[in-house]
Amino acid sequence: MLELNFLREHRDEAEQRLTKRNVDAKTLLDTARSLDDDRRSAQTELDARLAEMNGLSRTIGELMKSGKKDEAETARARTTELKATTAALKEKLDNAEKALHDHLCTIPNAPSAKVPVGRTPEENTVVMEEGAKPTLHDGAKPHWELAEQYELFSLDLGVKLTGAGFPVYSGQGAKLQRALIAFFLDKATEAGYREIIPPHMVNADSAFATGQLPDKEGQMYHATVDGLYLIPTAEVPITNLYRDEIVDTAHLPIKMVGYTPCFRREAGSYGAHVRGLNRVHQFDKVEIVRIERPENSYAVLEEMVEHVKGLLRALELPYRQLLLCGGDMGFSSAMTYDMEVWSAAQQRWLEVSSISNFETFQSNRLKLRYRGEDKKPKLAHTLNGSALALARIVAALLENNQTPEGIRIPKALQPYTGFAMITK
RNA sequence: GGAGAGGUGGCAGAGCGGUCGAAUGCGGCGGUCUUGAAAACCGCUUUACCCGCAAGGGUAACGGGGGUUCGAAUCCCUCCCUCUCCGCCA
């Protein structure tokens, strides 16, 4: 949720930035402005009446104490009308606040200055590309066929247990999965991130605070009996650790990392491009999260990208970095880099990481503040990024490293897998 | 799941219908004293919103929501959470 003060005080900048989303920024902001005016006038009026009421009550109390029963009765009679008035004004204010809040919830984050204009993924900027795309031997297979050949994971078994899109990893496939998680966690903790193992379900307050609700309600699995949501990413529980907190400036920056499975309904996406591990309902991911002072957040975003690049290099995967255009960015983000790896058998790029600066969009909902030099609470900036998402990394690893003799494991990973080659 | 107790400021802990945003202690910040430190003493120490150029004024918040009342941290209802005992269990 964008800050109201920002929208009021930097109206032109807000409109200019928002326009990159291809939304009708002018109308959105005009509406916000007028709803806020309504709210303010309602509050001003209510406060005045309440002050009057408080004065009367005090008077009545004093009259009662000094035994002036009659005068107290007279004063009490006067409160009846005032009560009706305040009740009506209170309702007016509540409605105005709700209308404003609901409206603000529909406004996406304002893209930062560097974000390119564009509507579709084709208009994202390729920032850089690194690593040679491998040439595969004849008879090379896509990862889902390799999985079958080496018994690494099964989607059919997942169907039996759960439904489509729930892979069952086994044997060297399971070990590879565990190795990647451990490798990513170790790299992050080496880089100074504190490891967190959060709950895999969150309440509605948490889902709202990081922006999943109400925007992506249909994307989350919902355990309705208990009102809980399965997390679509570790970002949700980890960032919410700091909901309703005013952190001491000495504690910044806050760097956290967590591994969790991620659950996504992915309603309505089927077809050839979602075969195998390309898009599944449950996948493993290691997520890095940061809470930063505003002046540092964009440098930190670059630092996080460098961290992810380090992982991809260690895994010897050809990758590229995209800067998402306004039309392709997530609702809550002010700027997002996507990292994609080359999947050699499928001959396509797979997104394995999304690294975003949310500026104060999340912290405004989280009420996550820090105390600045002037001792006043200020909203912090939040950032997060996948480091990394497992399923597609596995897909690329299997495809790119396949040989007639087996599938080669990158050196950096071998201490974790305990084997250098996946074989039958 | 059953029975009971309780949720108050950074923490501990009073208040149980009126001037209580809230005693007191601890912690924290500033000052006096000191060569320095400690001790002692003095002062300050929540957040959000509204009006105002400002100075300043006002409103709200004692787990969440609702109710009773001229007036609620205090009474009632409801939900959530914590603790103790019992049951169940990895």
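If you're wondering where the values come from, they're calculated on a predicted model, not measured in any experiment. Computed from heavy atoms alone, side chains included, the values below leave out hydrogens, waters and symmetry copies.
When the P atom is used for both G17(B) and G13(B), the distance is 22 Å, rounded to whole Å. A distance of about 9 Å separates the C1' atoms of A40(B) and C33(B), rounded to the whole Å. If you take atom C1' in U8(B) and the same atom in C81(B), they sit 15 Å apart, rounded to whole Å. Distance noted for atom P between G27(B) and A22(B): 23 Å (whole Å).
Contact check of residues 4-12 of chain A against RNA chain B (heavy atom, cut-off under 4.0 Å) returns no residues at all. Near-neighbour residues of RNA chain B inside residues 28-41 of chain A, defined by a heavy atom below 4.0 Å, number-ordered: R39(A), R40(A).
The phosphate of U45(B) has neither OP1 nor OP2 within less than 4.0 Å of any side-chain N or O from R371(A).
For RNA chain B, each stem of at least three Watson-Crick or G-U pairs (distances under 3.5 Å) is given as range with range: B:1-7 with B:80-86, B:10-12 with B:24-26, B:27-32 with B:40-45, B:46-51 with B:56-61, B:63-67 with B:75-79.
Proximity of the aromatic rings of H101(A) and F208(A) is defined here by a centroid distance below 6.0 angstrom, and this criterion is met.
Listed for the R78(A) side chain is no donor-acceptor partner under 3.5 Å among the backbone atoms of E73(A). Proximity of a side-chain donor or acceptor of H143(A) to a complementary backbone N or O of E399(A) within less than 3.5 Å is not detected. Distance alone, capped at 3.5 Å, is enough to place a donor-acceptor pair between the N364(A) side chain and the L2(A) backbone. Distance alone, capped at 3.5 Å, places no donor-acceptor pair between the D328(A) side chain and the L324(A) backbone. Between the side chain of N401(A) and the backbone N or O of I407(A) there is no donor-acceptor pair closer than 3.5 Å.
Aromatic ring orientation, F183(A) versus Y416(A): perpendicular (interplanar angle above 60°, classes split at 30° and 60°).
Between D156(A) and K160(A) there is no salt bridge, since no side-chain nitrogen of the basic residue lies less than 4.0 Å from a carboxylate oxygen of the acidic one. Using a 4.0 Å cut-off between charged side-chain N and carboxylate O, D36(A) and R8(A) make a salt bridge. Remark: K92(A) engages E45(A) in a salt bridge, criterion side-chain N to carboxylate O under 4.0 Å. Ion pair K98(A)/D94(A) not flagged as a salt bridge, since none of the NZ, NE, NH1 or NH2 atoms sits closer than 4.0 Å to an Asp/Glu carboxylate oxygen. Salt-bridge formation is not detected for the pair E15(A)/K20(A): no Lys NZ or Arg NE/NH1/NH2 atom is positioned less than 4.0 Å from an Asp or Glu carboxylate oxygen. A salt bridge does not link E245(A) with K367(A): none of the charged nitrogens is closer than 4.0 Å to a carboxylate oxygen.
R369(A) comes within 4.0 angstrom of sugar-phosphate atoms only, judged by non-hydrogen atoms across all strands, and of no base.
Remark: R243(A) engages no residue in a salt bridge (charged side-chain N to carboxylate O under 4.0 Å, His left out) (not counting sequence neighbours).
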N/O-N/O pairs, protein side and nucleotides 8-12 of chain B side, under 3.5 Å:
none

Check against side chain to side chain contact (heavy atoms under 4.5 Å, CB included), I238(A) and T233(A): CA-CA 9 Å; I238(A) 292 180; T233(A) 159; over 6 Å; no
Using the rule given for salt bridge (charged side-chain N to carboxylate O under 4.0 Å, His left out), can you reason through E235(A) versus R290(A), listing the C-alpha separation, both sets of side-chain angles and the distance that settles it, and then say yes or no? CA-CA 10 Å; E235(A) 157 198 350; R290(A) 306 196 45 158; over 6 Å; no
How does protein contact run along nucleotides 54-77 of chain B, one letter per nucleotide 5' to 3', with B for base contact, S for sugar-phosphate only, - for none, heavy atoms under 4.0 Å? ----BSS---------BS------
